Structure formats: C-alpha cells, structure tokens
Amino acid sequence: MSFEEQQNQTSDEISEQTEQAAQQEPQAEVAAAGAATADSVVSTGEKGKQKAALTPEQKKKRIRNFVLVPCMILISAFIRSVCVRLFMTSPALNFAPGGVTGIGTMIEYKTGFSTGYTNVIINIPLVIIAFFFLSRAYAIKSACAVGLASAGMVLMQQLDFPQYGVTNGVIDPASEPVLGAIACGVLGGVGVAIMIRAGASNGGTDIIAALIQRKYEAAGITWFIMGLDAMVVMSSYFVYDNGLTPVFMSFTQQFASALVGDFILTGFKSAIKYEIITDDPEELSAELIAKLKHSVTKIDAMGMYAHSNKALLVCVIHKRQVTEFNNILKKYKNTFAYVTSTSEVFGKFI
C-alpha cells in the first residue's frame with residue numbers, strides 16, 4: 001500500500017470517528033441535561049424538606065413573633081388607655097404624664113378633644129421617620145401600639161368609662177389624688193415593661209429620643225426621654241388651675257412607673273455577686289454549695305503585699321440569701337470579700 005493510500009485510509013477513519021462523535025454529543029448533552037434536571041429536582045425537594053422542617057428555636061421565634069408579641073402589644077395598649085381615661089383625665093386628678101400623652105391630656109382638659117386623636121396625629125410622622133431611619137419592625141410594632149392605645153382612649157371616652165374619684169359626674173371629696181397618681185404609675189409601669197419586652201414603644205418621645213441617640217450614640221437614651229418628658233410636665237403648670245399640684249403628681253406617677261417597670265424588666269433576674277479571697281477555698285466552697293445551692297468558681301491568685309498564694313472564689317446568689325451568705329463567711333478567718341450587684345443573670349441560675 002502506497003503512502004497516499006495510507007493517508008486516504010487514515011482520512012476516511014478520522015471522518016468516520018468525527019461523525020460518530022458528532023452523533024454521540026447530542027446524546028451526551030441530553031443525558032447531562034437529564035442528570036442536571038434530576039439533581040435540581042432532588043435539590044429542590046431537599047430545600048422543600050428543609051423549609052418544612054423547622055428547628056425548635058425557629059418554632060419558638062415564630063410563636064413569639066406571630067402570637068406572643070401581638071398579644072403583648074394589645075395588653076400594653078389596653079393598660080395605657082385605662083391609665084389615661086381612669087386617672088390622667090379624671091377631674092379629680094388632671095395631670096400630664098409627659099410626652100405625647102401629656103400633650104394630649106392637656107389639650108383634652110382645655111378643649112375636650114380626645115387624647116387618642118392627638119396621640120395619633122402627633123405620632124404618624126414620627127412612626128414614618130422611624131420606619132426609614134430606625135427599624136421597620138420597631139416602627140410597625142410602635143404604630144400598632146399607638147393605634148390600639150389611641151382607639152382605646154377614644155372608645156373609653158365615648159362609652160363614658162369610669163374615672164378615679166368621680167361618682168355620678170361629681171368629684172368625691174374623699175378621693176386621694178396622690179394615691180391615684182401612684183396607682184396610675186404602677187399600672188403604667190407594667191404596660192411599659194410589657195411594651196419593651198415586645199420590642200416596641202409607645203411612640204412620641206421614645207422615637208424622638210431614639211433618633212437623637214442615633215446621631216449622638218455616646219449619650220444615654222434615658223436622659224433624652226427624661227428631658228423631653230420634663231419639658232411637657234413643667235408646661236402643665238400653665239395649663240391646669242391648681243398650681244404645682246399637677247407637676248408633683250406627674251413626677252410621682254413617673255417615679256412609680258419607672259420603679260415598677262425596672263423591677264419587672266430586671267428585678268426578677270437581678271442577683272448579688274461575691275468575690276472572696278480566702279485561705280480555705282475547699283471548705284468554704286463546699287459549705288456554700290451545700291447550704292445555698294449555688295456553685296462557686298475558684299481562681300488561683302497571689303497577694304502582692306506578702307506575695308502569698310491565695311484563692312479567689314466567685315459566687316452569684318439571690319438577694320434574699322445575703323444574710324445567710326454573710327453568716328457563713330464569718331466562720332472563716334483570713335477571708336476578705338466584696339459584693340457587687342448584677343442587674344441581670346443569664347443561663348442556669350435557680
């Protein structure tokens with residue numbers, strides 16, 4: 001066979017192989033596409049299963065967001081409405097509690113225009129600003145709280161809801177305004193604590209203070225709220241007809257509200273932390289654990305005055321156990337301890 005014939009044969013073989021490869025390529029593409037589709041279906045099914053199967057934490061979060069939080073906002077709004085109608089706008093009391101509600105109660109005192117309407121009118125632009133510049137969730141929750149509370153104020157006014165110290169439209173001379181202000185503060189503190197736990201606010205000065213703190217992060221938001229509320233309270237002196245009495249009642253109400261709200265938010269989780277330097281760490285720790293039912297953490301330390309080895313014990317207890325704790329410490333000589341108060345405790349603490 002000549003060289004030319006060999007070249008022609010090789011050329012024919014290459015052509016046949018090329019045609020076979022060309023025929024096989026579409027089949028391979030179809031197979032690859034089918035495999036990709038199957039993978040996609042499997043992947044989609046897996047994703048669907050993942051979406052359907054929620055973890056316990058996700059379930060708790062959903063229950064909180066869609067059940068607990070709306071209920072908390074509703075309860076807080078109802079409490080706020082009762083405080084305004086039952087106490088703040090009662091002829092036997094008549095005081096401004098500060099913030100937008102205080103402005104509304106003063107307007108209602110002079111004109112009869114419901115505090116609920118004023119609350120909505122002032123808070124609408126504030127909620128819109130909060131929606132764009134703070135947090136959408138915070139703004140939506142606050143809007144719901146403001147709307148529900150305002151609706152309750154208007155409805156209670158129209159239904160002639162009972163008021164403190166008033167019987168058949170006549171002021172009872174035996175009523176105690178100070179007790180009314182304290183009761184209003186206690187009830188209002190409960191409502192504020194519930195609202196904070198829900199991650200919302202009553203609008204008004206709370207939103208203004210949050211916006212100011214956004215610009216000046218180093219300052220505490222509490223001081224802004226107190227300053228804005230104080231301006232409203234002091235202006236009530238020029239609105240009501242009984243001198244400084246409304247001002248003092250407002251401060252009494254605010255103090256009681258802050259005290260109760262703070263106790264609800266942190267009081268049940270507050271504790272006392274002892275840090276003890278002792279030469280008898282094993283015996284002291286064993287007695288503390290046995291009698292107080294709280295564990296103790298030991299840290300090796302050195303006294304720099306005498307350069308002697310010491311043990312530093314750390315123990316967190318309930319406030320009610322302070323006396324018993326001190327009685328235990330008195331048994332151990334060469335023991336030095338100092339106490340600090342903790343505002344909140346996380347984790348396993350019984």
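Remember, it's a predicted structure, so these values are computed and weren't measured experimentally.
Following chains of ILVMFWY side-chain contacts shorter than 4.5 Å, one cannot reach I63 starting from V69, and the two form parts of different hydrophobic clusters. When the side chains of ILVMFWY residues are joined at heavy-atom separations under 4.5 Å, either directly or via intervening members, V146 and L211 end up in two distinct hydrophobic clusters. Taken together through direct or relayed side-chain contacts under 4.5 Å among Ile, Leu, Val, Met, Phe, Trp and Tyr, I272 and L284 form part of one hydrophobic cluster. In the hydrophobic clustering of this structure, V296 groups with Y274; members are Ile, Leu, Val, Met, Phe, Trp, Tyr whose side-chain heavy atoms approach within less than 4.5 Å, directly or through other members. No single ILVMFWY cluster, assembled from side-chain heavy atoms under 4.5 Å apart, contains both F263 and F255.
In this structure, OG1 on T115 lies 9.5 Å from CZ on R80, to the nearest 0.5 angstrom. For the atom pair CD1 of I103 and CD1 of I121, the computed distance is 12.0 Å after rounding to the nearest 0.5 Å. In this structure, T101 OG1 and I122 CD1 are separated by 9.0 Å, a value rounded to the nearest 0.5 Å. In this structure, L228 CG and D206 CG are separated by 9.5 Å, a value rounded to the nearest 0.5 Å. Taking CG of L259 as the reference point, atom CD1 of I264 lies at 10.5 Å (rounded to 0.5 Å). For the atom pair OG1 (T205) and CE (M231), the distance works out to 11.5 Å, reported to the nearest 0.5 Å.
No donor-acceptor distance shorter than 3.5 angstrom exists from the side chain of T335 to the backbone of T278, with no hydrogens or angles considered. Proximity of a side-chain donor or acceptor of D262 to a complementary backbone N or O of A258 within less than 3.5 Å is not detected.
Contacts classified as ring-ring contact (aromatic ring centres under 6.0 Å, His included) and involving residues 128-154 (residues at least two apart or in different chains) are not found. Counting only residues at least two apart or on different chains, the ring-ring contact (aromatic ring centres under 6.0 Å, His included) pairs with a member in residues 152-190 are F87-Y164. Note on residues 239-259: pairs passing side-chain hydrogen bond (donor to acceptor under 3.5 Å, both in side chains), not counting sequence neighbours, are Y109-D241. Contacts classified as ring-ring contact (aromatic ring centres under 6.0 Å, His included) and involving residues 169-190 (residues at least two apart or in different chains) are not found. Sorted by first and then second residue, the side-chain hydrogen bond (donor to acceptor under 3.5 Å, both in side chains) pairs involving residues 86-99 (not counting sequence neighbours) are T89-Q163. A side-chain hydrogen bond (donor to acceptor under 3.5 Å, both in side chains) check over residues 121-137, counting only residues at least two apart or in different chains, returns the pairs N119-N123.
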Residues M249, L93; criterion side chain to side chain contact (heavy atoms under 4.5 Å, CB included); working and verdict
CA-CA 8 Å; M249 290 175 62; L93 300 180; 3.5 Å; yes

Is there a side chain to side chain contact (heavy atoms under 4.5 Å, CB included) between S142 and N202 once you walk through the steps?
CA-CA 6 Å; S142 299; N202 289 318; over 6 Å; no

Before you tell me yes or no, could you show the steps for M153 and R85 under side chain to side chain contact (heavy atoms under 4.5 Å, CB included), namely the whole-Å CA-CA distance, both residues' side-chain angles and the distance that decides it to 0.1 Å?
CA-CA 7 Å; M153 295 174 197; R85 176 62 186 175; over 6 Å; no

Determine whether L148 and L74 satisfy the following criterion, side chain to side chain contact (heavy atoms under 4.5 Å, CB included), listing intermediate values before the conclusion.
CA-CA 7 Å; L148 290 170; L74 180 62; 4.1 Å; yes

So K331 and D280, salt bridge (Lys or Arg N to Asp or Glu O under 4.0 Å) or not? Walk me through it.
CA-CA 11 Å; K331 301 177 183 178; D280 305 301; over 6 Å; no

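Applying the side-chain hydrogen bond (donor to acceptor under 3.5 Å, both in side chains) rule to K291 yields the partners E287; only residues at least two apart in sequence or on another chain are considered.
Nearest approach of A143 to V127, heavy atoms of both residues: CB-CG1, 3.7 Å. Residues Q157 and G112 approach most closely at NE2-O, 3.5 Å, considering heavy atoms. The two atoms that bring I73 and A198 nearest to each other are CG1-CB, 4.1 Å, heavy atoms only. The minimum heavy-atom distance linking G102 with P97 is given by the pair CA-CD, 3.4 Å. A pairwise comparison of heavy atoms in S76 and I194 identifies CB-CG2, 4.2 Å as the closest pair. Across M106 and S235, no two heavy atoms sit closer than the pair CE-OG, 3.6 Å.
When hydrophobic residues (I, L, V, M, F, W, Y) are linked wherever their side-chain heavy atoms come within less than 4.5 Å, the members clustered with F248 are V233, M234, Y237, F238, L244, V247, F251. Taking a 4.5 Å side-chain heavy-atom cut-off between Ile, Leu, Val, Met, Phe, Trp and Tyr, the cluster of L155 extends to L159. Side-chain contacts under 4.5 Å among hydrophobic residues (ILVMFWY), followed directly or transitively, place M302 together with M304. Residue F336 belongs to a hydrophobic cluster whose other members are I277, I299, L312, V314, Y338, with links defined by side-chain heavy atoms closer than 4.5 Å.
Side-chain contact between L329 and I276 is present, with at least one heavy-atom pair separated by less than 4.5 Å. Residues C184 and M88 are in side-chain contact: their nearest non-hydrogen atoms beyond the backbone lie under 4.5 Å apart. Residues L313 and T297 are not in side-chain contact: their nearest non-hydrogen atoms beyond the backbone lie 4.5 Å or more apart. No side-chain heavy atom of M195 sits less than 4.5 Å from a side-chain heavy atom of M72. A 4.5 Å side-chain heavy-atom check between Q321 and H294 finds at least one atom pair inside the cut-off. Looking at heavy atoms from C-beta onward, F95 lies out of side-chain contact with T105 at the 4.5 angstrom threshold. T118 places none of its side-chain heavy atoms less than 4.5 Å from the side chain of E108. Residues E324 and L292 have side chains in contact (heavy-atom distance under 4.5 Å, counting atoms from C-beta outward).
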Using a 3.5 Å cut-off and no angle test, enumerate the donor-acceptor pairs between side-chain atoms of residues 167-175 and protein atoms at least two apart in sequence or in another chain.
residue : atom : partner : partner atom : Å
D172    : OD1  : A174    : N            : 3.1
S175    : OG   : D172    : O            : 2.8

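For F113, the CZ atom is densely surrounded, since the number of other residues' heavy atoms within 6.0 Å is greater than 12.
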